[in-house]
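Just so you know, these numbers use all the heavy atoms, side chains as well, and skip hydrogens, waters and symmetry mates.
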Amino acid sequence: MHRCWEIAELVHLVFNELDPYIPGIYYVTHPRRMNAIALSRLAQTCRRFSDPALDVLWRVNEGLIPILRCLPSRAWEIREGRFIVVSPLDLEDWTRCLDHSKRVEIFSYRDDPIIVDSSALESMISLPPGTLLPNVTALSCLSSGALFSYLTLLLGPHVDNVSVFLDGPTFRSSALLSFASHFRCLEHVHIGAPPTQQQIALKCVPSFITQIAPRTLDVLGLNHQAYRHISSLSNLVTLTIGNIIAMPFPGPSRPSPETAFPALRELQLTVSIPYFAINFLSVFHDAPLTTLCLSTTEDSTAENVFALLPAISDACAICHLETLRIFLCEDKDLVFDDPSSYTLTFEFIRHLLVYRNLHHLSVACPVGVELHDISMETIGRALPRLKILYIMGDLSPLVVPESHPTLSSLVTLSQLCSQLHKVWLAVDTISVPLVPCDSGRKTSALTWYPLDSVLHRAADVAKFLSANLPGLHIRSPNQVWREVGDLLVARVETAREQQQALF
């Protein structure tokens with residue numbers, strides 16, 4: 001064996017490259033199954049490889065069946081899709097299982113084609129609490145499985161990351177409350193539920209939330225007691241609310257803006273009733289938010305959508321905001337019936353320009369935004385630190401706004417926002433300026449996504465862009481825009497060669 005394999009750190013680095021799991025996806029995708037096979041073979045090659053290979057192979061575990069299969073073969077069988085323990089087990093029978101299960105750091109429990117029988121569950125819970133999976137730090141599971149009620153008996157106390165989908169009956173969902181007392185180190189919590197179960201989730205989730213102090217929290221909705229609790233947390237950094245369906249801070253429960261969300265940096269909020277969202281955001285005057293993402297549900301009316309942003313800019317005076325994303329969703333049938341009612345005007349966008357420190361601004365809505373060159377100049381002057389701009393209509397080109405800015409707006413933006421490097425924007429190319437702009441050129445890289453811009457006079461477009469934005473890169477699935485990008489590159493290269501020839 002080569003001496004390099006005597007370096008333990010190198011062996012771990014190499015074997016980690018064979019990890020069959022993609023981060024955040026707790027199941028082995030088909031192309032990565034060969035990685036799992038390779039690790040299994042490496043573990044059987046020699047003692048030096050055995051532990052490092054097994055550590056990677058068992059780091060993420062899907063369900064209990066792989067662990068239970070390590071029991072003595074005489075003690076179990078699979079009958080009619082169920083894993084059944086057929087003989088009594090003593091602690092020695094669990095030795096091989098425990099040797100592998102102690103390596104599990106991420107435990108994922110979802111629908112499994114083989115069901116763990118009650119006989120196997122009884123054998124597992126007869127072990128001392130936390131013995132089976134003592135070193136798990138991240139848990140991802142469904143509440144519909146029978147195992148959900150026993151997780152606190154099987155897992156050790158080191159879990160700090162929990163993702164639960166409450167798709168089971170009420171009596172199983174209530175087991176969530178035991179997580180707070182058993183997993184004392186919870187820092188990242190995500191709780192979801194299907195639409196049919198959301199009312200059931202609201203009966204147990206708020207009680208669970210009031211017992212923990214996470215750094216990251218993602219929930220569908222809470223009651224005012226839970227909202228008041230999380231607003232006081234000194235370590236809550238990221239918060240996602242799936243839908244605010246009740247008044248978060250009624251009069252008696254309203255926290256002081258000086259003390260609410262003292263550490264919150266990122267907020268993602270889905271809104272169906274703007275009044276509730278306005279009440280929630282009104283306590284954020286002193287929160288150190290840098291990222292705000294707002295989206296509406298499809299059942300939001302046009303009136304609600306248009307009332308949302310002005311009210312937010314009035315209620316939420318955030319001086320630190322760097323990223324602002326607005327996604328407005330409406331019923332597509334209603335949009336097609338009356339598209340003009342769902343078209344955003346620049347006056348709607350103007351309410352966002354109070355956040356002068358923005359680095360990233362995204363606005364997406366079904367129809368799009370009516371903009372002109374003067375509108376884009378106003379955006380550029382109001383947001384000089386802008387790095388990314390994204391403005392689009394989801395239903396374009398089926399339904400389009402009446403006006404778009406011209407190519408000149410790209411030049412204006414690049415001049416006013418010196419750090420701008422990505423722009424998603426549809427433009428009007430019917431009228432192409434014949435004379436290059438005189439107020440300076442942006443030679444640094446700028447990537448432009450023209451979305452559903454209709455192309456006219458491709459050669460003139462490429463000529464104008466090469467003269468004013470020689471560092472521009474065009475990204476589009478549309479072949480005609482890719483050809484403009486090729487023309488642009490060719491013109492810039494020709495101009496560079498001519499300039500070099502002069503010297």
Side-chain angles (χ1 to χ4, degrees), residues 188-193 195 198 201-202 205-206 209 214-233 236-250 253-255 257 260-330 344 348-349 351-352 354-355 358 360-366 390 394:
H188 310 283
V189 176
H190 171 86
I191 303 176
Q198 290 185 12
L202 285 173
V205 172
I209 296 300
R215 287 176 51 82
T216 302
L217 179 62
D218 184 345
V219 291
L220 288 169
L222 303 170
N223 59 23
H224 67 271
Q225 291 96 341
Y227 281 120
R228 181 61 187 260
H229 170 72
I230 63 174
S231 72
S232 66
L233 296 177
L236 183 63
V237 175
T238 302
L239 175 63
T240 301
I241 305 290
N243 195 1
I244 298 182
I245 57 177
M247 183 65 74
F249 302 117
S253 298
R254 184 177 179 81
F261 299 102
L264 195 66
R265 306 283 292 178
E266 180 176 345
L267 173 64
Q268 299 185 43
L269 195 63
T270 301
V271 180
S272 58
I273 303 176
Y275 182 63
F276 293 160
I278 295 165
N279 174 266
F280 183 73
L281 290 168
S282 64
V283 303
F284 278 79
H285 283 288
D286 295 318
L289 272 181
T290 59
T291 299
L292 176 61
C293 179
L294 295 169
S295 58
T296 61
T297 58
E298 285 195 355
D299 57 358
S300 299
T301 64
E303 292 77 12
N304 285 345
V305 169
F306 283 105
L308 182 60
L309 287 187
I312 289 171
S313 65
D314 292 338
C316 194
I318 307 171
C319 62
H320 304 291
L321 202 64
E322 296 179 355
T323 299
L324 178 59
R325 301 186 183 98
I326 309 291
F327 300 99
L328 306 180
C329 304
E330 289 95 16
L344 298 185
F348 187 70
I349 301 297
H351 292 282
L352 308 178
V354 298
Y355 307 114
L358 282 183
H360 181 156
L361 174 62
S362 295
V363 178
C365 59
Y390 177 100
D394 295 335

Checklist entry - Looking only at heavy atoms, which two atoms of Ile230 and Leu236 are closest? And how far apart? => result O-CD2, 3.8 Å

Item to check | Non-neighbouring partners of Phe261 that pass ring pair (Phe, Tyr, Trp, His ring centres under 6.0 Å), sequence neighbours left out | outcome: Phe280, Phe284

Checklist outcome for this item: To the nearest 0.5 Å, atom CG of Leu239 lies from atom CG of Asp218 at 8.5 Å

Checklist entry - Does any donor atom in the side chain of Thr216 or His188 lie under 3.5 Å from an acceptor atom in the other side chain? => result yes

Checklist entry - For Ile241 and Tyr227, what are the C-alpha separation, side-chain angles and deciding distance, and is it a side-chain contact (heavy atoms from CB on, under 4.5 Å)? => result CA-CA 10 Å; Ile241 305 290; Tyr227 281 120; 3.8 Å; yes

Checklist entry - In Å and rounded to the nearest 0.5 Å, what is the OG to CZ distance from Ser362 to Arg325? => result 6.0 Å

Checklist entry - Of the non-hydrogen atoms in Ser231 and Pro262, which two are nearest, and what is the gap between them? => result O-CD, 3.7 Å

Next on the checklist: Looking at every non-hydrogen atom in both residues, tell me the closest pair between Leu233 and Pro214 and how far apart they are.
Outcome noted: CD1-CD, 3.9 Å

Item to check | Thr323 vs Thr290, side-chain contact (heavy atoms from CB on, under 4.5 Å): CA-CA, chis, key distance, verdict | outcome: CA-CA 6 Å; Thr323 299; Thr290 59; over 6 Å; no

Next on the checklist: Among residues at least two apart in sequence or on other chains, which ones pass side chain to side chain donor-acceptor pair (under 3.5 Å) with His229?
Outcome noted: none

Next on the checklist: Is the shortest side-chain heavy-atom distance between Gln225 and Pro206 below 4.5 Å?
Outcome noted: no

Item to check | Partners passing side-chain contact (heavy atoms from CB on, under 4.5 Å) against Arg215 (at least two apart in sequence or in another chain) | outcome: Glu187, Asn235, Val237

Checklist entry - With a 4.5 Å limit on heavy-atom distance, are the side chains of Pro248 and Leu222 in contact? => result no

Checklist entry - Is the number of heavy atoms from other residues, nucleotides or ligands within 6.0 Å of CZ (Phe327) greater than 12? => result yes

Checklist entry - Can you name the nearest heavy-atom pair linking Tyr275 to Met247, along with the distance? => result CE2-CE, 3.0 Å

Next on the checklist: The criterion is side chain to side chain donor-acceptor pair (under 3.5 Å); which residues satisfy it with His224, sequence neighbours excluded?
Outcome noted: none

Item to check | pair Val219-Val205: side-chain heavy atoms closer than 4.5 Å | outcome: yes

Checklist entry - side chain to side chain donor-acceptor pair (under 3.5 Å) with Asn243: which residues, sequence neighbours excluded? => result Ser272

Item to check | Set of side chain to side chain donor-acceptor pair (under 3.5 Å) partners for Ser232, sequence neighbours left out | outcome: none

Next on the checklist: With rounding to the nearest 0.5 angstrom, report the CD1 to SG distance, Ile326 to Cys293.
Outcome noted: 7.5 Å

Checklist entry - Heavy-atom distance under 4.5 Å between the side chains of Leu352 and Leu324, does that happen here? => result yes

Item to check | Pairwise distance OG1(Thr270) to CG(Leu294) - rounded to 0.5 angstrom | outcome: 8.5 Å

Checklist entry - OG1 of Thr291 to CG of Leu358: how many Å apart, nearest 0.5 Å? => result 10.0 Å

Checklist entry - How long is the span from the CD atom in Glu322 to the CG atom in Leu289, to the nearest 0.5 Å? => result 11.0 Å

Checklist entry - Do Leu217 and Ile209 touch side chain to side chain, with heavy atoms closer than 4.5 Å? => result yes

Item to check | Residue pair Tyr390 / Leu361, side-chain heavy-atom distance below 4.5 Å | outcome: no

Item to check | Check: Glu266 main-chain N/O paired with Thr238 side-chain donor or acceptor under 3.5 Å | outcome: no

Checklist entry - What heavy-atom pair brings Arg228 and Phe249 nearest, and what distance separates the two atoms? => result N-CE2, 3.9 Å

Next on the checklist: I want to check something: taking the side chain as every heavy atom from C-beta on, are Leu220 and Ile191 in contact at a cut-off of under 4.5 Å?
Outcome noted: no

